[in-house]
Amino acid sequence: MIQRKNEHWFSMLFIWRGSVLPQLLPRLLMLFLISAGIVFLKGTFFHFKIPLSPAPFTLFGIALALFLGFRNNASYDRFWEARKLWGALLNDTRSLARQAITFSGYHRDGKEVDTFLKYLIAFTYALKHQLRGTDATEDLRERLDPVLAKRLSTAIYKPIILMKEMGIWVQQARENGKIDTILQRAFDENLNKLSDIVGGCERIASTPIPYTYHILLHRTVYIYCFLLPFGFVDSLSWLTPFIVIFIAYTFVALEAIADEIEEPFGTAPNDLALNAMTEMIETTLLEMGGKHIPDYGKKNADILD
Amino acid sequence: MIQRKNEHWFSMLFIWRGSVLPQLLPRLLMLFLISAGIVFLKGTFFHFKIPLSPAPFTLFGIALALFLGFRNNASYDRFWEARKLWGALLNDTRSLARQAITFSGYHRDGKEVDTFLKYLIAFTYALKHQLRGTDATEDLRERLDPVLAKRLSTAIYKPIILMKEMGIWVQQARENGKIDTILQRAFDENLNKLSDIVGGCERIASTPIPYTYHILLHRTVYIYCFLLPFGFVDSLSWLTPFIVIFIAYTFVALEAIADEIEEPFGTAPNDLALNAMTEMIETTLLEMGGKHIPDYGKKNADILD
Amino acid sequence: MIQRKNEHWFSMLFIWRGSVLPQLLPRLLMLFLISAGIVFLKGTFFHFKIPLSPAPFTLFGIALALFLGFRNNASYDRFWEARKLWGALLNDTRSLARQAITFSGYHRDGKEVDTFLKYLIAFTYALKHQLRGTDATEDLRERLDPVLAKRLSTAIYKPIILMKEMGIWVQQARENGKIDTILQRAFDENLNKLSDIVGGCERIASTPIPYTYHILLHRTVYIYCFLLPFGFVDSLSWLTPFIVIFIAYTFVALEAIADEIEEPFGTAPNDLALNAMTEMIETTLLEMGGKHIPDYGKKNADILD
Amino acid sequence: MIQRKNEHWFSMLFIWRGSVLPQLLPRLLMLFLISAGIVFLKGTFFHFKIPLSPAPFTLFGIALALFLGFRNNASYDRFWEARKLWGALLNDTRSLARQAITFSGYHRDGKEVDTFLKYLIAFTYALKHQLRGTDATEDLRERLDPVLAKRLSTAIYKPIILMKEMGIWVQQARENGKIDTILQRAFDENLNKLSDIVGGCERIASTPIPYTYHILLHRTVYIYCFLLPFGFVDSLSWLTPFIVIFIAYTFVALEAIADEIEEPFGTAPNDLALNAMTEMIETTLLEMGGKHIPDYGKKNADILD
Amino acid sequence: MIQRKNEHWFSMLFIWRGSVLPQLLPRLLMLFLISAGIVFLKGTFFHFKIPLSPAPFTLFGIALALFLGFRNNASYDRFWEARKLWGALLNDTRSLARQAITFSGYHRDGKEVDTFLKYLIAFTYALKHQLRGTDATEDLRERLDPVLAKRLSTAIYKPIILMKEMGIWVQQARENGKIDTILQRAFDENLNKLSDIVGGCERIASTPIPYTYHILLHRTVYIYCFLLPFGFVDSLSWLTPFIVIFIAYTFVALEAIADEIEEPFGTAPNDLALNAMTEMIETTLLEMGGKHIPDYGKKNADILD
């Protein structure tokens with residue numbers, strides 16, 4: 001995620017980083033050259049004049065607006081729902097931590113509460129790694145006792161196994177007479193919510209927008225942009241390539257952005273800052289438990305990953 | 001569901017599978033031939049010139065944009081709600097499994113917990129078969145004891161009867177003194193949620209978008225496409241058929257996609273991968289219970305059904 | 001509700017039933033005749049040429065698109081929310097039935113459970129009749145004991161009085177020592193949900209979209225359609241009436257559909273199939289209770305009411 | 001709220017009441033006169049021809065569609081959310097009444113249950129008066145005992161103080177051994193929901209759509225309408241004033257409607273019928289309690305206030 | 001937040017405060033001068049005529065409408081969600097106060113209840129300061145006992161630490177035998193909701209709309225406005241600068257508004273009135289507790305901050 005600074009409106013016109021412009025440059029350049037060629041030939045190939053006028057483009061435009069608008073909204077909804085799920089993860093781990101600290105019956109700074117907080121933190125790391133498809137072993141080993149860390153290393157759904165461990169922790173608290181079944185249910189309901197969060201994230205990660213939309217939108221955008229210079233060569237003459245790449249830039253860039261934020265758990269510049277959020281959850285849980293907060297090292301000031 | 005690969009933007013223009021193009025080809029071809037004929041006759045039939053210009057098409061366009069946009073959003077909402085319901089099914093069966101394992105009072109690896117997990121898995125299969133209108137007998141017989149499987153074979157609403165069995169299982173746990181009524185309610189609330197999920201899926205499966213929308217949209221799209229060549233024959237001349245089928249493709253394809261994902265429980269290429277999701281739920285529940293996970297056989301790498 | 005069949009794309013262009021076309025035919029015919037008259041007079045009345053061109057219609061179009069889009073979305077949202085409420089009714093009555101059967105403490109096939117299931121079924125019928133403004137007496141007399149049926153016949157809010165009876169049933173189960181207050185609350189929460197469903201349906205039935213929207217939209221659509229032939233008579237000549245009724249059909253039909261589904265509890269062809277849903281709820285509750293399922297008689301295969 | 005009747009589509013074109021037309025008439029008349037003047041001068045002032053054509057209006061149109069669409073949706077959402085909150089108020093007071101009647105432990109027709117029902121009804125009236133900024137004293141004095149009514153007369157947030165009284169009533173029921181803490185919580189959760197409803201209504205009443213939107217939209221609409229005659233005087237000549245006021249009517253009326261329903265708790269013709277809803281809640285609660293239902297006097301058949 | 005007054009529709013055209021016009025004036029003036037220069041040169045630089053016509057602007061317009069509409073909706077959703085969260089904060093603190101007063105077992109006017117109310121009020125102030133990035137020390141010292149205020153001064157997440165204190169307060173009430181675990185859970189659930197509110201606010205404050213959208217939209221708007229005079233100089237001649245700044249005003253102003261309300265916790269004129277809301281929460285909680293309500297001093301009548 002790119003940290004937003006308050007740029008002046010004028011300098012913001014020339015920002016490079018965070019924009020999708022760099023990755024689109026080759027395509028736009030290609031389009032510029034094609035347009036220039038068409039202008040040079042005055043839209044004529046081998047004495048055949050391509051009889052295209054601006055008129056049909058407003059009809060294409062209807063389809064394009066529909067597709068891009070839909071695609072963009074669907075992608076942003078996925079991005080924002082993913083963010084909400086991670087926000088709910090923060091809220092829910094804090095609630096579970098508060099329950100473990102204030103009414104588990106164990107001493108507030110005791111070993112058992114400590115174990116539970118570690119489960120919560122490890123759960124957060126495990127979920128992050130599952131969603132990004134990276135290896136959780138290192139992070140789990142640092143935060144859990146070796147036996148459990150080992151057992152988790154072969155599990156397919158690590159966060160779920162950790163939730164089962166939390167369920168066992170709560171059950172043992174009851175068997176030790178620390179809580180009754182009423183407070184056990186208070187834990188249980190927050191564990192249910194954790195289950196919803198994990199499943200929600202998995203849903204977004206595993207089910208993209210139907211592929212057929214990608215293809216249809218992609219084709220419409222690119223054929224549209226390729227036909228544009230033919231439609232404008234007569235009225236705009238030498239200005240055609242400039243106007244065409246400007247129009248093309250807006251459409252192609254919107255498609256590229258939608259593509260990037262559609263999978264919000266990735267590591268592209270505009271994806272969710274899962275690392276920063278994981279560390280933030282660890283920080284607030286450790287602060288609640290009165291523990292020492294580790295230094296996560298110097299960060300890049302502009303981009304959170 | 002089609003697995004998305006990261007195609008190059010250029011090769012993506014020529015993808016065949018997953019696109020709705022193949023099924024639309026005959027109609028588009030027909031339209032191409034009609035357009036070519038109109039160009040050949042210069043829009044004149046028996047010396048009557050059809051006096052159509054591009055102007056009215058922008059007015060049609062308003063109606064089309066409204067209808068297609070509405071239809072597409074409504075279809076995608078149904079698709080995504082169906083996906084959310086199956087996501088909730090995953091979360092809820094996991095929560096119920098965690099409850100059965102950690103606080104039912106039965107031994108974690110005991111026969112009773114095993115029975116409950118089997119109920120959950122069978123419930124998932126029964127729901128899948130009900131939604132797809134296929135025969136659940138085989139899948140239920142593999143996962144349940146023969147008496148219950150037999151009884152289910154004649155039931156109209158199989159998942160609901162299985163939920164009643166789960167309710168009886170919980171009641172017996174209480175009568176055996178394994179849980180008190182407080183923990184019984186913890187199960188009960190998750191069973192309520194299961195009931196909501198079943199009903200939500202049945203709602204989507206049984207109530208399509210009002211049929212009158214289909215008719216109105218269908219007529220508007222096809223009459224619009226048929227009139228297009230008359231409107232453009234004078235300005236675009238021989239280019240008309242190409243432009244017409246490109247515009248027609250975008251509209252007709254969007255209608256076809258909306259039609260396909262409107263019934264998300266079907267087996268079309270862009271429908272939900274109920275088989276894969278059912279197997280995933282079985283996998284995670286068996287992993288939680290420490291059971292052996294079956295091998296579901298080799299899958300097609302590109303399409304999940 | 002019209003059952004959707006998979007029509008061929010071509011024959012779907014000529015479907016009559018389910019379409020709103022029949023009821024709109026007189027208006028469209030009138031418009032056709034007016035248009036033909038205008039073409040005949042070449043847009044001139046008593047030597048005054050009406051100086052209207054297609055240009056202002058794109059400006060009208062903006063307003064029209066706004067109004068129709070808003071109106072249509074608002075109507076469909078009402079339709080779909082009403083459907084969701086009836087879906088929730090199914091889920092909630094199933095949950096209450098499961099609770100009565102599995103943990104009320106009464107025998108699963110006993111008289112008391114039977115009474116509770118009858119309350120639930122009668123509640124569903126009473127709600128249907130209240131929403132449709134029809135007479136519930138017959139249906140309630142068949143399903144309830146005569147004293148209660150008689151008392152209900154004079155009640156204003158019958159479903160609410162039935163819910164009070166269910167509350168008394170639960171209270172008596174507790175007073176008889178069959179359940180404790182914890183399980184009583186489990187019933188109570190589902191009764192709260194029933195209360196939300198009743199109120200939600202009453203809200204949709206009693207509060208239409210503000211009337212002023214109807215008037216504004218209605219005027220805009222009809223004045224627009226009446227002006228259309230003047231705008232196109234010069235450019236489209238004898239084709240004008242055909243194009244005008246096609247454009248008018250799309251706008252007028254969309255308004256008519258929105259009007260029909262805005263009150264989803266009615267009996268128009270595209271309204272909700274309350275009868276079919278009521279019978280389905282009765283069927284699933286009787287199946288859960290192991291009771292005999294009545295035969296509801298032969299249905300029209302195409303339309304559910 | 002205006003009661004909708006099924007008007008014939010033709011007579012609906014000339015309806016006066018419920019339309020916002022009367023209040024807009026002076027502005028539209030002024031615009032008509034300006035337009036007529038511009039037509040008379042052929043768009044020329046002191047030999048300077050105003051060189052405006054229809055072309056820029058489609059660009060303005062984009063902005064207008066954006067603003068009006070957004071404004072209208074935001075206003076309608078507020079209207080509908082307010083209606084939902086009052087629907088939830090109905091559901092929740094019914095649920096609390098059912099709880100007081102069926103499981104408070106007091107006799108169903110006893111004095112205590114009666115008091116609680118009175119609290120609920122007075123609460124509804126107090127909320128209505130707070131939202132409308134009217135004086136609740138009279139209505140509260142009729143429904144509460146004099147001491148409490150007097151104490152409430154100086155309270156800032158009357159409904160909240162009444163909720164506190166309900167909380168005390170529940171606590172006393174427990175101290176009297178009528179209910180245990182489990183049923184106390186059942187009341188408590190519904191009181192939490194009441195709290196959400198009060199706060200939700202206060203939110204809508206106290207936070208309008210940001211003022212800057214009003215200004216921007218207002219300016220755009222009126223400058224647009226004032227410029228319209230200049231753009232069309234050349235092409236539409238003497239028809240200009242008629243077309244201009246028709247276009248202006250649609251835009252100005254939509255802004256006026258959005259303005260009216262944005263504050264749904266007022267007493268304008270299209271606002272929510274808080275009086276009718278309050279009386280309906282009183283009716284259903286009294287019916288549940290088996291009490292006599294007062295006659296609220298003859299109502300205007302067309303408008304609910 | 002600007003208090004809305006009912007301005008006359010005519011004087012509303014000339015309102016200065018609350019409008020974003022002042023901050024945009026330099027840019028619009030610059031654009032006006034550029035346009036005037038272009039008109040003076042008749043769109044010709046060094047004998048090169050810039051061959052731009054109005055036609056391509058309708059194509060740009062599609063992209064602009066998409067971007068502005070999306071951006072504006074996303075910003076307003078953030079604004080309104082933030083308002084809902086603060087509304088929920090009001091509801092939830094009232095519910096917790098009612099619980100502490102009516103069923104905590106402590107005396108209604110006792111010291112312990114007083115302490116809990118102070119926690120709630122301090123929590124609200126702490127959240128406000130965290131979201132605005134201001135110093136909470138002063139406000140917390142006035143409302144809390146010195147030891148706790150001191151401890152909080154170094155905490156990173158002050159509201160969370162205060163919630164932990166509330167959890168300890170509830171636990172102590174149980175250990176003192178004032179409440180049982182059932183009522184403890186009633187508090188606990190409302191504390192869970194508080195946790196959701198804090199996290200929701202943090203989410204909005206820390207995750208802006210992806211930066212790449214800002215850049216893309218910003219560029220499109222400004223390049224569009226700069227190109228406008230070239231497109232209209234031929235048809236509108238000397239009127240061009242006036243029309244151009246009017247069109248530019250609507251687009252640029254909408255972008256500026258979206259920018260302002262996107263971060264709703266700031267102190268810009270259209271941001272949320274956190275100060276007023278905090279004082280309102282303090283007022284209602286003190287009124288519930290029967291405490292004296294402080295005078296917050298004279299307010300600016302027009303703007304709430």
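All values derive from a computational prediction rather than experimental measurement. Naming: A, B, ... by sequence-line order, numbering from 1 per chain.
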Residue B:Phe246 excluded, over 12 heavy atoms near CZ under 6.0 Å: yes

CZ (B:Phe226) with more than 12 external heavy atoms under 6.0 Å: no

Side-chain donor or acceptor of B:Glu287 paired with backbone N/O of A:Tyr157 under 3.5 Å: yes

Verdict with reasoning, A:Gln171 to B:Ser104, per side-chain contact (heavy atoms from CB on, under 4.5 Å): CA-CA 10 Å; A:Gln171 173 72 357; B:Ser104 69; over 6 Å; no

For [X], is it the side chain, the backbone, both or neither that has a heavy atom under 4.5 Å from a heavy atom of chain A?
| X | value |
| --- | --- |
| B:Leu236 | both |
| B:Phe232 | side chain |
| B:Tyr224 | side chain |
| B:Phe251 | side chain |

Residue pair A:Gly199 / B:Asn91: nearest heavy atoms and the distance that separates them: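 Closest heavy-atom pair between A:Gly199 and B:Asn91: CA-OD1, 3.0 Å.
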
side-chain contact (heavy atoms from CB on, under 4.5 Å) between B:Arg94 and A:Val198, worked out: CA-CA 10 Å; B:Arg94 275 174 176 169; A:Val198 174; 3.7 Å; yes

Among [options], which residue forms the greatest number of heavy-atom pairs with chain A at distances under 4.5 Å?
| options | answer |
| --- | --- |
| B:Leu183, B:Thr102, B:Thr250 | B:Thr102 |
| B:Leu239, B:Thr240, B:Leu272, B:Ile261 | B:Leu239 |
| B:Asp92, B:Asn190, B:Ile293 | B:Asn190 |
| B:Gln99, B:Met277, B:Lys193 | B:Gln99 |
| B:Asn73, B:Ile179, B:Leu228, B:Ile243 | B:Ile243 |
| B:Thr283, B:Thr284, B:Leu90 | B:Thr284 |

For [X] and [Y], test the side chains for any donor-to-acceptor distance below 3.5 angstrom and give the result as yes or no.
| X | Y | answer |
| --- | --- | --- |
| A:Arg219 | B:Tyr249 | yes |
| A:Tyr213 | B:Asn72 | yes |
| A:Thr181 | B:Asp180 | yes |

Hey, does [Y] have a side-chain heavy atom less than 4.5 Å from the side chain of [X]?
| X | Y | answer |
| --- | --- | --- |
| B:Phe103 | A:Asp188 | yes |
| B:Arg98 | A:Ile160 | no |
| B:Trp80 | A:Arg78 | yes |
| B:Tyr76 | A:Pro210 | yes |

Interface residue of largest heavy-atom contact number with chain B, from A:Glu175, A:Glu255, A:Glu81, under 4.5 Å: A:Glu81

Largest heavy-atom contact set with chain B, pairs under 4.5 Å, which of A:Ile161, A:Leu66, A:Ile182, A:Thr207: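 Most heavy-atom pairs under 4.5 Å with chain B: A:Thr207.
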
Which atoms of [X] are under 4.5 Å from chain B, going by heavy atoms: the side chain, the backbone, both sets, or neither?
| X | answer |
| --- | --- |
| A:Ala155 | both |
| A:Leu227 | side chain |
| A:Met166 | neither |

Salt bridge (Lys or Arg N to Asp or Glu O under 4.0 Å) contacts touching residues 100-110 of chain B (sequence neighbours left out): none

Residues B:Glu189 and A:Arg185 bridged, charged N to O under 4.0 Å: yes

